[in-house]
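Structure record follows, encoded as structure tokens.
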Amino acid sequence: MTDGIFPSTATAPGARKDLSLGAVRERLAGAPGRAYWRSLEEAAATPEFEAMVHREFPQLAGEWQGDGVSRRNFLRLMSASVAFGGLTACTRQPLERIVPYVAQPEEIVPGRPLYFATGMERDGYAVGLLAESHMGRPTKIEGNPEHPASGGATDLFAQASVLDLYDPDRNQTVTQLGRIRTWRAFEEAIAGRLAAAPAGLRLRILTPPVTSPTLAGLIATVLAEQPLASWHQYAPVAADHGIEAARRAFGRAVAVRHDFSRADVVVSLDADFLTQGPGAVPYAGQFMSRRRARRGATDLNRFYAVETTPTATGSVADHRVAATTGELGAFAAALAAAVDGGTPGGGRLAELAAVVARDLERHRGRGLVVAGPHAPVAVQVIAHGLNEALGNVGATVSYHEPVEAEPQDGLASLARLAADMSAGQVDVLLVLGGNPAYDAPADLDFAAAMQKVETCIHLSLHADETSEYCHWNLPAAHYLEAWEDHRAFDGTVTLTQPLIEPLYGGRSAAEVLTLFTAAGPRSGAELLQATWRRRLGDGFDAEWRRCLHDGFVPDTASPALAAPLDAGALAAARADLAKLPAAGLELCFRPDPTVYDGRFANNGWLQECPKPLSKLTWDNPVLVSPALAEERGLVNEQKVRLTVDGRSLEAAVWIHPGQPDGALSLSLGYGRRRSGRVGTGAGFDANRLRTTANPWAAPVDLEPLAGRYPLASTQLHSNIAADRFQGTNLEGREAASRHLIRQATVEEFERQPDFPHHVGHGLDESLSLMPGWDYSEGHAWGLSVDLNTCMSCNACVVACQAENNIPVVGKDEVAKGREMHWIRIDRYYEGALDDPAMHHQPVMCMHCEQAPCEVVCPVAATVHGDEGLNDMVYNRCVGTRYCANNCPYKVRRFNFFKYTDTETPSLEMMRNPDVTVRGRGVMEKCSYCVQRISQARIAARKEDRRVRDGEIRTACQQVCPTGAIVFGDLNDETSRVARLKAEPHDYGLLTELGTRPRTTYLAKVGNPNPEWPARASGAGESPHHG
Amino acid sequence: MAELTPDARMGKPPVVAPGYTPGSVTDKISAIVLTRTPRWWWVAFGLSFLLMQALLVGVAYLFFEGVGIWGVNNPVGWGFAIINFVWWIGIGHAGTLISAILLLLRQEWRTSINRFAEAMTLFAVACAGVFPLVHLGRPWLAYWLLPYPNTMGLWPNFRSPLIWDVFAVSTYATVSALFWYVGLIPDMATLRDRSRRRWKKIVYGFAAMGWRGHAAHWHNYEVAYLLLAGLATPLVVSVHTVVSFDFAVGQIPGWHATIFPPYFVAGAVFAGFAMVLTLAVPLRQAFALQDFITMRHIQNMAKVMLTTGLIVAYGYLIEIFMAFYSGNQYEEFMLLNRIQGPYKLHWWALLLCNVLAPQAIWLRKVRSSPWLVFLVAMFVNVGMWLERFVIVVTSLSREFLPSSWGTYSGTRWDWAIFVGTIGLFLSLLFLFVRFLPMISIFEMRTILPEAKSVHQRPEEADA
Amino acid sequence: MAQIFHRSTNTVAKVTLFGAVFFVAVAGWVAATLDRSAYSTRQGVVREQPVPFSHDHHVVALGIDCRYCHTAVETEAFAGIPPTTTCINCHKLIWNESDMLAPVRASLAEDTPIRWTRVHDLPDFVYFDHSIHVAKGVGCATCHGRVDQMPLVYQAASLQMEWCLECHRHPERYVGPREQVFNMAWKAPDQATLGPALVAEYHVDPRTDCSTCHR
Amino acid sequence: MSRFLTRDGKRLYGLMAEFDSPEKLVHACEAASEAGYTRLGAYTPYPIEAVWEAIGHHRSKLPLIVLAGGLAGAAGGFLLQYWASVHAYPLNIGGRPLDSWIAFLVPAFETTILFASFAAVLGMFFLNGLPQPYHPAFNVPRFAEASRDRYFLMITTKDRNFEPAAVRELLAGLGPVEVNEVED
């Protein structure tokens, strides 16, 4: 193999004697992410780099020179002097500089945030967002209410994307073989290389699935100009099986869209549709709109979930069945048979399938069968068949023109690419995003193949495993820095506009691609306008401005189409189902609930965000069922060796209630070797066991090992420490007997709407010696959480973290029980641990009217406001931690160390200026987003009016896809929150303590099927009365 | 001899060995202070001083890094710091009890032990005082707990038990110091008149304030001393009551109990007498004071320890009873969790040390062997620490919401600071026995036959 | 035995014992005054500025309104510090040669902001909003003093919490008519009657909750 | 200002007799007061009530002082809390009333004890005229034994009918170990 040195690079500015790629790799091999970076930072100290910085992005010059450094020193000084300053009674603040603009931009008014509509793309699909910008710094992401894929809400990934923008580990410069280069150098290199290949370059473009009209257009152009070039799309978590299934069922690529709001009966065949997939946010909204039990409105849907891995979606099911892939197939087959009027066959699964089938029959046209994108193709085909047979098509299911520009089976496509590369058929590999060296199936050995390529070019946010094997590494523009257009799950074209100049001079995929076109380099803005000037035609400017304002191009949703089902395909599918492995242990691969496929591995917020069910942070252990653990004598944190056809991996075990006994689960996205200071080394790399043949489930050998690997969970701290109460579900039993979660079936609810008040210990609040306080004047803030519509998607947790400058503490601290989240989602298992019912309960500060925390604070650092807020005054807190001890809800969080990183300048830019950044030794907690309340109150008072209902929305409320959280004024009977609290099944947590919480819950109302056969140990399959 | 005969009849050992005169008593006790320092003292003091360094290092690192270096977490926000605080404060109580309450009860056997018992009180309170300060997240702002007119227009929250602590503990420290010093004045005069070296004369002379033993002086002095005793008695009871409020006022199951005040006070006396014995037995050996600290004292203290021990045991019993009788499920769970939860070992060990071990005192054989009593006392010292551990940690680790249960264990820094305070305590103690009379000389004179022979009203017999 | 101490020690001893009480009291008083002194508050201390801008001259002599430069004071939390261009608007015509203004011209030429020294600097954990105070009739001079008479600006008030509380507890002593807010010289003919009237009219209800300023 | 001189011409403060038993001292005190002497100083190594009675005792004022101190502490402590919580900065803390007097009782109790104790100690000093490191009595070398096991009676020249010879004769007749002049 020849090292990829272009003729022209020798003359590139600042070029020195070129190292061989091998040498570079040697130098970097084995160095952990940070060391890898250090080598680049050293380079960054060179004068030519300085020069380049000024040339390329002057706006950052300040950052790079003394300024940033001196600021860091200053802060360090401060944190030290706090102690001494504090000792003397009079603390004298240092003089502060105030730096106005030279010429103030029109729209910017210091102190007032601006909101811009933009869109975030993941695996090609976009979600419409509103980005909040303070003085030109994006600080917070909200959903775009107008956008079909958002409706005002977002998922946790969008919330955390701000942190990615300011991530200090981002690719900061163009590098060639690990040496700092400039974009110009790269441009010249490309130009030279193209010129050197008149017959055309054997160019390979590797992208994630592409929906972007602009990008797709460009790729088409390049392919046209370069006859030998080809385009491959791959993403580890793309819906390849779905594409394949559609192709088989309908003979063509089809986009399937669901309407959960019209479905009375929903059956999930291993589909995590509430939290995964491009349509998850709106789907969750639709689905939960049918789970809201209100007085007189009890028309709930019924939800059956068959799952190979317990998911957030399955956790809200009325009936949940844990099944291996084989059993899933069997169930699907039985269901299909039953719907056809045939005999589902014997066995429990068949029995259940029959019940489900009857239910579906009863709701023809109002039912919906959803197969997960990772379920076997056959199962998905069957699902299409069922919807067809049940007349759901056109009602709850609709077929549309594909959203992707050119739907491909990514695995196949990547396999072809790998083959070409190994065969030395590739001159230039252009990887636009993605990280194939890490996440390609193991059998392709993509990294090795890359070494056979003359030149690898990688455009990415971070220097990752793939960068290590590339000659050229290009800093990508974050979506908040770029002009792009992507389509949403329904095809609506969503516009991504930059809120900030690229911090590190990054460029978008399209911009890089232009370098390979005859037309030459063009900016993202130009490209976008070019595309849309063509499409929008006359009156472009006005139209375009409106689109940018709205964040999307109206009426671009992909049109519906009639997709006749191929009967042959159905028969074939049934045959395939029979072939699915019936016995033996299997290992399921799933996208991780918080770091997805690994692209978010360096995002501290997501790493520390507890997984919906296991509540684990910072890791992806092998999930095993309690029964299997008992059989193999496994305990939590024990190490095991997994072997999938010859390849093996050592990982730790986590005992996961609700896991099928025959299946292990391991999530993707961990075990990153090159990710940055946060993600490197966390967890275990599932991709090393993944193959093109079995991307989602593979037969596996499990071998227990002696060692232990510590895991950090935000719940069950006690059980992790030592395996006490293992398998006895002490927590669940206690939770039930304490009536923390109160639930009923629809029938029970209709019979006794105020059922929550007939369990637990009430308290006559008039029985107080002390005169109470009167909150009837002015506002009385309160919050209501609907337990029925919370699925633990964690969007609120991350939103709160972003809004309130909540620090990340790291795995060790979490293991000690020192996580800082202001809102946590408690998870309780009900019934036997092998197949329990699952409950989620978001818990934030209850703002008790008789707050136990306030009474015990010696310095009055936490006191009550006249609007009933439990104010926490950080600057008065001396840190006795008495309040946290005395809080029965345990919602108070203490800064045991100086957790907030005030040394990293880029992170300083990310902070919400409206919220105090907490230092060491002070208590903090949910404030009902008091900064938002204050701003609204001031606005209202300036206009001499009351604050209107809905004018204030807490961060958690604003982001919630299902509207489970509602905040407002209790003194205003017409407010949404007041009406919710008037519901008969509204109840407070631990009210028997006389705390009078302002946060209350709407009890759970399930809709189980009375026909559902109970089984011997079958506790938990159907909700029990609390 | 009138006083002694009934004792003798009951076979009780005397309060002071026969054959002593005011002169000999004076000489024997003042000699301890005025003669050359024994070598073993240097060794003992050196070791304790070394131990104290653990405290300095620990606290220095603590202030530098933050309380995160300890095992505390959420939900267990309090750990060793508060445990040690309560432990030390409790120990302190015996001193005041002996010198004040026994004085009012005219227990003349208190005479030979009250001085160093009081000293022990002071030093224990000093050690205790360290913890509320350093356990703060921002210790440099500790002065915010004091009511003083500040530029923020803010005042402490007087409803908080921690503020009550500030008042109670600081008052306790001050009053104990006053009481102790007043008791010292006549002996300071003695030392002033006995010591040969000029600088010693000056130092002791200043401390004596020109005490001459004038009859009028003695009169006012005794009134003052009695009044102080009368004030110290309710004070000492209030202090541990207030300390118990730290928990009882909170609403954590295992904290929120009305039994706490009495049972904390009893526990304090229990722990205190254990510590007095722990000190007295070796000291009387070291300074050959068997004639003054007789078996009578050892036995009486052992008996008090046994009695208070039984009260404490009753406290445990009532806790168990109420847990079930109340029908409060949280209380019930709290108790079951103590018995079989993650910290069951601590709980059972606590029963062994505080309930079982003291029963040995019933046996005359044990009572009459100083070192066996010493052993029991050691058990109690450990047991009382465990009691506070169980109350603080076990209760916090598993309270209302199962989702928020946790575990706690002390880190090496927790231990360093704890052990360090023991070093501080011992260092102060050794300095005390070297430079001040560890037995009240003038009070010893009053219980000698010679003094008793003067006809006087009975109540002065002890004073 | 021989006397150890001289006669005088009697008096000395008594005096020391007695004096201790006073010593403590005095120490406390010193601490309190120091805490409120200009040393720790910087009250009345003129700050060094890159350009010796005189409010006195611009407001009194030239009659420029506060809002010409502090544009956001009526609508935003932050009153706003004028960008260089605001200065240049006039100074491109007048005094455009003066050395005093060299830094301003330099700022424009090199496109580097002027780094003023902040005069009224509240701690970072205090959130103050100009707009609401202006809206409720609190005049500039009430907190900033007679800036119009300051050749170089200094901090007129202590800006300590007790100072804020004074007005938040007794607004009637300080609020004036909205139209007079920017009139530095304005003095109420009779605050005792005017104040309460305005408080009622403007619905002034300043809160003393902690979260009013701390969040 | 003394009217008399010692043998070696110093100013005389009084005459001091040393006894070796408390009984003798008590008897001496009684005799001296019967002889009409009022300015008597009786020094003992430990309190002997009989002596105090013998030289015309009166009740101590200390209890009143302590009572005053206690009352001051109680009032001060409670009022401080009341004023701070109700007037200085009224805050809604856990929905408890501003005047949570029940809670305020605890610190008030402690301040009571504190002030009373200070009153007791300082009051005792005041009544005894302490501190008084210098006193003529110390001029008598043997007086060092007063803090050990000897008992002293001193008749001072301040006494109206002090007459050196007579006093010396009286004291000598009471069986002292020896009689000394006390120079001022």
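Numbers restart at 1 for each chain; the letters A, B, ... are given by sequence-line order, proteins then strands.
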Below 4.5 Å, heavy-atom pairs only: which of [options] has the largest tally toward chain B?
options: D:Pro107, D:Ala54, D:Gly129, D:Ala119; answer: D:Pro107
options: D:Val51, D:Ile113, D:Ile65, D:Leu91; answer: D:Ile113
options: D:Pro45, D:Gly41, D:Gly77; answer: D:Pro45
options: D:Pro133, D:Ala146, D:Ala120, D:Gly123; answer: D:Pro133

Tell me whether the rings of [X] and [Y] are parallel (<30°), tilted (30 to 60°) or perpendicular (>60°).
X: B:His217; Y: B:Trp211; value: tilted
X: D:Phe104; Y: D:Phe78; value: perpendicular
X: B:His93; Y: B:Tyr172; value: tilted

inquiry  = Please confirm whether the ring centroid of D:Phe152 lies under 6.0 Å from the ring centroid of D:Phe143.
reply    =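 Aromatic pair counts; centres sit under 6.0 Å.
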request  = Measure from the ring center of B:Phe442 to the ring center of B:Trp218 and say whether it is less than 6.0 Å.
outcome  =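 So the answer is yes for these two rings.
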Between [X] and [Y]: side-chain donor-acceptor atoms closer than 3.5 Å:
X: B:Ser24; Y: B:Thr21; result: yes
X: D:Ser100; Y: B:Arg159; result: yes
X: D:Arg96; Y: D:Ser85; result: no
X: D:Thr38; Y: D:Arg160; result: no

Chain D contact via [X] - which portion, at a heavy-atom distance below 4.5 Å:
X: B:Tyr181; result: side chain
X: B:Leu231; result: both
X: B:Thr171; result: both
X: B:Pro186; result: neither
X: B:Thr174; result: side chain
X: B:Val182; result: side chain
X: B:Pro234; result: both
X: B:His214; result: both
X: B:Ile441; result: neither

query = If you look at every heavy atom in B:Val239 and B:Ala168, which pair is closest and at what distance?
reply = CG2-O, 3.9 Å
message = Please rank B:Ala224, B:Pro22, B:Gly23 by heavy-atom pairs under 4.5 Å with chain D and give me the top one.
response =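 Most heavy-atom pairs within the cutoff with chain D belong to B:Gly23.
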request  = Flag the one option from B:Phe206, B:Phe179, B:Tyr221 with the top tally of heavy-atom pairs under 4.5 Å to chain D.
outcome  = B:Tyr221
Measure distances from [X] to the heavy atoms of chain B and classify the residue's part below 4.5 Å as side chain, backbone, both or neither.
X: D:Trp101; answer: neither
X: D:Leu40; answer: backbone
X: D:Ile55; answer: side chain

request  = Give a yes or no on whether the backbone of D:Tyr151 and the side-chain of D:Thr44 come within a donor-acceptor separation of less than 3.5 Å.
outcome  = no
